[in-house]
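Note that ligands are numbered from 1 as they come in the structure, with each ligand's atoms numbered from 1 the same way.
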Amino acid sequence: MPNVVIVGAGPTGATLALLLARQGIPVTLVEAAHNFQRQFRGEGLMPSGLDALNQMGLGPLLETIPHRPLSAWEFWLNDRRLFRADEPLGSAHPCTLVSQPPLLEALIQAAQRQPNFEWIAGTAVKDLLWQSDGETSQPDNRVTGVHLTDGRTIAADLVIGADGRASAIRQKAGLTLETQPKSIDVLWFKLPAPPDYATDNRFCTVVKKRRVFSLFHGAEEGKLHLAWAIAPDEPTEQQDWAKTFAALVPPEFVAHFHSAKDSISPPMRLSVLVGRCNRWHRPGLLLLGDAAHPMSPVRAQGINMALRDAIAAANHLIPVLTTTNASDPTALDRALAHIQTEREPEIIQAQTLQAHEASRGELLRRFGLLRQGLSTFSPLVGPVVKQIWTQQQQPLREGITTVRLNAD
Ligand SMILES: Cc1cc2nc3c(=O)[nH]c(=O)nc-3n(C[C@H](O)[C@H](O)[C@H](O)COP(=O)(O)OP(=O)(O)OC[C@H]3O[C@@H](n4cnc5c(N)ncnc54)[C@H](O)[C@@H]3O)c2cc1C
């Protein structure tokens, strides 16, 4: 049976490895990090992402790891609440914060129960192996494996680059990423949550004094997260963050930020890159997840898209890999093209909707009069804005195309 090397054990790589390994397909999953603890990893799963995990039979596994549903979305302009929209907004499940390190570890453990699965952690893939002369990346040349940083080479009938937004595989394969103009980076803070926040876990978006940021209780017990949007070229010099936040947060949080001033974690600067490859594949190689289409953090789409990519890829790859002779790779290469064709429309639309959502926030940030007007008349306009906003959320919550796992 043809063998697969998957590069990167984020949500895309870990779930696809499990889906393929369960079907008896030989899979090697290579992850650069030694463990999942050190990197920042987003937590928000929309109903579409929860549905994808359920389709993979991973609903019970989710119950065993730290997770926390959102209670509502709140929008604050200056010091007034424009509206509150209660979860699940008509969906089957509420948006849920899921701690990614234990989720990824549990996925790897499940895959390790398959005898045909190999897990290589703490070693990066540094290059691709090519069929013709071992060096070139001419468009017709076939990728035939990977070189690891520890000197090993692994031959593969299919290499899947699931190595995230800065994908080395994308670059080595000569597949070009078309990026959207960079508009924000994010400074990420954690601090103790106010008592009882977890019982009414609101995702609060605040726009005040030309600043936009969000607050929510993460999956981890007692931890409030604060995501602070900054311009990409904005310096992040040391400052009294507690004082800065206390001047901007909704009135009910002011005292808490003063009292938590010594417990706010140093900020983690997260670069936001959004874009899409025109071509996600070449003979013997497929890009998936952020490697093919890095997603904005707006309305938590990336993990959901990653899980849905994994399902679509499994649907196309399993029949081919379980019936194809490795010496005749044409059916495999056709399947790679079909995966892009199936997934691309949803990605394009999700990125467009994310951009619209971000641009509305930017309008409110830049135009003080608009902000002031909406804030002053929030009791009147709030319900209308809430209705429009709630309707606009549906595709970002439920997904845009139909994604169903065929067989497992
Ligand atoms: C600030 C911020 C907040 C976000 N919050 C959310 C959120 O709440 N919800 C949501 O749905 N999305 C969120 N996202 C987006 C989300 O994180 C990504 O879309 C998602 O993680 C993509 O999954 P992936 O598996 O494709 O890539 P990644 O999660 O990036 O995983 C790639 C993996 O590949 C490994 N790797 C990289 N290079 C190599 C190599 N050469 N060899 C071997 N391994 C390698 C990395 O170590 C990593 O483990 C956020 C993004 C940002 C920037």
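- We find that D333 and R142 are joined by a salt bridge, their nearest charged nitrogen and carboxylate oxygen being less than 4.0 Å apart.
- Of the candidates I6, L270, L45, it is L270 that places a heavy atom closest to atom 1 (C) of ligand 1.
- Checking only distances, R41 does come within under 3.5 Å of ligand 1, N or O to N or O.
- The single protein non-hydrogen atom nearest to atom 19 (O) of ligand 1 is D290 OD1, 2.8 Å, given as residue, atom name and distance.
- Residue V125 places at least one N or O, backbone or side chain, under 3.5 Å from an N or O of ligand 1.
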- Message: Please determine whether side chain to side chain donor-acceptor pair (under 3.5 Å) holds for the pair R276 and Q351, giving the CA-CA distance in whole Å, both sets of side-chain angles, and the decisive distance to 0.1 Å.
- Response: CA-CA 9 Å; R276 215 165 48 243; Q351 289 184 334; 3.0 Å; yes

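- The protein heavy-atom contact nearest to atom 34 (O) of ligand 1 is G8 CA, 3.2 Å.
- Scanning the protein for heavy atoms near atom 31 (O) of ligand 1, the closest one is G10 CA, 3.4 Å.
- A donor-acceptor pair under 3.5 Å is formed between the side chain of Q100 and the backbone N or O of G42.
- Between R81 and E252 no salt bridge is recorded (no basic side-chain N to carboxylate O distance below 4.0 Å).
- When only non-hydrogen protein atoms are considered, atom 35 (C) of ligand 1 lies nearest to E31 OE1, 3.3 Å.
- The aromatic rings of W389 and F75 sit perpendicular, their planes meeting at an angle over 60°, well past the 30° parallel limit.
- Which parts of ligand 1 touch N304 is read off a 4.0 Å heavy-atom cut-off, strictly below it: atoms 11 (O).
- Counting only distance, with no hydrogens or angles, the side chain of Q55 and the backbone of V403 share a donor-acceptor pair below 3.5 Å.
- Note: no N/O pair closer than 3.5 Å links L288 and ligand 1 by distance alone.
- Under a 4.0 Å heavy-atom criterion, R165 is in contact with ligand 1.
- A cation-pi geometry, defined here as NZ or CZ lying under 6.0 Å from the six-membered ring centre and within 45° of its normal, holds between R202 and Y197.
- Of the polar atoms of Q100, none of the N or O atoms is found under 3.5 Å from an N or O of ligand 1, judged by distance alone.
- Residue V7 has at least one heavy-atom neighbour below 4.0 Å for each of these atoms of ligand 1: 40 (C), 42 (N), 43 (C).
- Remark: ligand 1 atoms within the under-4.0 Å shell around heavy atoms of G289 are 26 (O).
- Expressed to the nearest 0.5 Å, how far CD of E357 lies from CG of L396 amounts to 6.5 Å.
- Of the possible donor and acceptor atoms, none in the side chain of D51 sits under 3.5 Å from a partner among the backbone N and O of P47.
- Residue, atom and distance of the protein heavy atom nearest to atom 9 (N) of ligand 1 are G44 O, 3.0 Å.
- Looking at atom 11 (O) of ligand 1, its nearest protein heavy atom turns out to be I303 N, 2.7 Å.
- Atoms of ligand 1 found under 4.0 Å from any heavy atom of V30 (numbered from 1 in listed order, with element): 43 (C), 44 (N).
- Ranking the protein heavy atoms by distance from atom 23 (O) of ligand 1 puts P11 CD, 3.5 Å first.
- Taking each of A166, A300, G164 in turn, the one with a heavy atom nearest to atom 30 (O) of ligand 1 proves to be G164.
- The distance criterion of under 3.5 Å between nitrogen or oxygen atoms is not met by A306 with respect to ligand 1.
- Ring centers of W228 and F245: under 6.0 Å apart, within the cut-off.
- In this structure, W188 and H225 have perpendicular ring planes: the angle between them is above 60°, well past the 30° mark.
- With hydrogens and angles ignored, the 3.5 Å screen pairs no side-chain donor or acceptor of R404 with any backbone N or O of N406.
- Distance from atom 38 (N) of ligand 1 to its nearest protein heavy atom, with residue and atom name: D163 CB, 3.6 Å.
- The backbone N or O of R210 sits less than 3.5 Å from a side-chain atom of R365, completing a donor-acceptor pair.
- Counting heavy atoms closer than 4.0 Å to ligand 1, residue A162 contributes backbone atoms (N, CA, C, O) but none from C-beta onward.
- Heavy atoms of E43 found under 4.0 angstrom from ligand 1 belong exclusively to the backbone.
- Under a 4.0 Å criterion applied to the non-hydrogen atoms of T12, ligand 1 contributes the atoms 23 (O), 24 (P), 25 (O), 26 (O).
- The aromatic rings of F253 and F257 sit perpendicular to each other, their planes meeting at more than 60°, with 30° as the lower class boundary.
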